[in-house]
Amino acid sequence: MSRIAYVDGAYGPLSAAHVSVEDRGFQFGDAVYEVWAVRGGELLDAEGHFTRLRRSLGELRIAEPMGERALRIVLAETVRRNRVKDGIVYLQVSRGAARRDHAFPDPPVRPTIVVTARAADPRAAAARREKGVAVISAPDIRWGRCDIKTVNLLPNILAKEDAKQKGAFEVWLVNADGLVTEGSASNAWIVDASGRLRTAPKTMNILHGITRDALIRLAEERQIAVDERPFTLEEAYAAREAFLSSASNAALPIVAIDGRTIGEGRPGPLARTLSDAYFGASSD
Ligand code: PDD
């Protein structure tokens with residue numbers, strides 16, 4: 001028997017079920033999920049999971065895709081169509097499909113909803129409970145690997161949306177030590193009060209920007225010293241210049257941070273030199 005999935009209002013074979021490649025769950029991890037245990041065809045702890053689902057959706061400001069009564073019917077129907085007596089039912093709700101942009105789609109789009117169900121082998125579970133299991137330990141780095149260009153971008157998109165709401169183009173992220181790491185979708189740079197070009201070093205805390213590398217190279221070719229050393233927000237406020245870098249923006253001058261004017265409140269000369277050099281260099 002083919003397994004059955006529910007996707008956006010329709011039941012069909014799991015093997016043919018699909019969502020858009022521009023679904024924000026796929027592109028940004030901009031989605032929530034729940035898993036209910038099914039015992040004897042019934043959901044276990046149903047209310048606890050519904051409460052957490054509402055909370056998760058609320059925290060991400062994703063509209064509830066349907067009321068709880070309707071959702072209970074969809075979950076029960078998916079369990080029934082998959083003939084699951086003991087197993088799990090899985091629900092995923094994403095913000096929906098929209099042209100790729102970190103900030104939320106405006107106007108909002110319809111959330112994507114997917115439900116699947118799967119039987120579990122009750123004997124295997126009983127055997128595991130009987131014997132017990134082993135675990136290993138590992139550092140909790142959820143999510144401390146910003147150097148990997150992964151689509152695990154939920155913190156980035158929430159920060160970017162916040163920036164958009166406040167009329168800003170980008171958001172600079174500040175870590176627990178008070179240091180600016182990078183932007184939500186770009187690397188962060190300043191020309192500090194002593195005239196040195198500064199950007200955070202290539203650690204696990206930042207994405208190792210390709211544009212960042214190119215700008216360092218171009219600066220050094222022009223005898224402009226680059227300090228790969230993090231800076232504080234206070235240093236950024238007091239900077240002569242600030243700019244961000246990314247593939248789509250080259251070196252983009254920043255004229256205000258948190259409402260404070262940077263330098264003279266207009267694009268600085270170093271950002272312009274590097275941006276011109278970058279476009280010149282990349283058209284070679
Ligand atoms: N973002 N830091 C983050 C978190 C980024 O997402 C990006 C790029 C950069 C700059 O990297 P590069 O210079 O290689 O583009 C730094 C792209 C543009 C995006 O997500 O749309």
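All ligand and atom numbering here is 1-based and tracks the order in the structure.
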I want to check a possible cation-pi pair here: [X] against [Y], using under 6.0 Å from ring centre and within 45° of the ring axis as the test.
X: Lys160; Y: Phe169; result: yes
X: Arg81; Y: Tyr11; result: yes
X: Arg198; Y: Phe231; result: no

Quiz item: Should Leu173 and Val180 count as side-chain neighbours, where that means a heavy-atom distance under 4.5 Å?
Solution: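 A side-chain contact under 4.5 Å is absent here.
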
Quiz item: How long is the gap from CZ on Phe50 to CG on Asp45, to the nearest 0.5 Å?
Solution: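 These two atoms lie 11.5 Å from each other.
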
Practice problem: Check each protein residue for a heavy atom under 4.0 Å from ligand 1 and list those that pass, ordered by chain and number. | Solution: Arg100, His102, Lys149, Asn156, Glu182, Gly183, Ser184, Ala185, Ser186, Asn187, Leu207, Gly209, Ile210, Thr211, Ser245, Ser246, Ala247, Ser248

Self-check item: Pairs where residues 84-103 contributes a residue and the test ring pair (Phe, Tyr, Trp, His ring centres under 6.0 Å) is met, not counting sequence neighbours
Solution: Phe28-His102, Tyr33-Tyr90

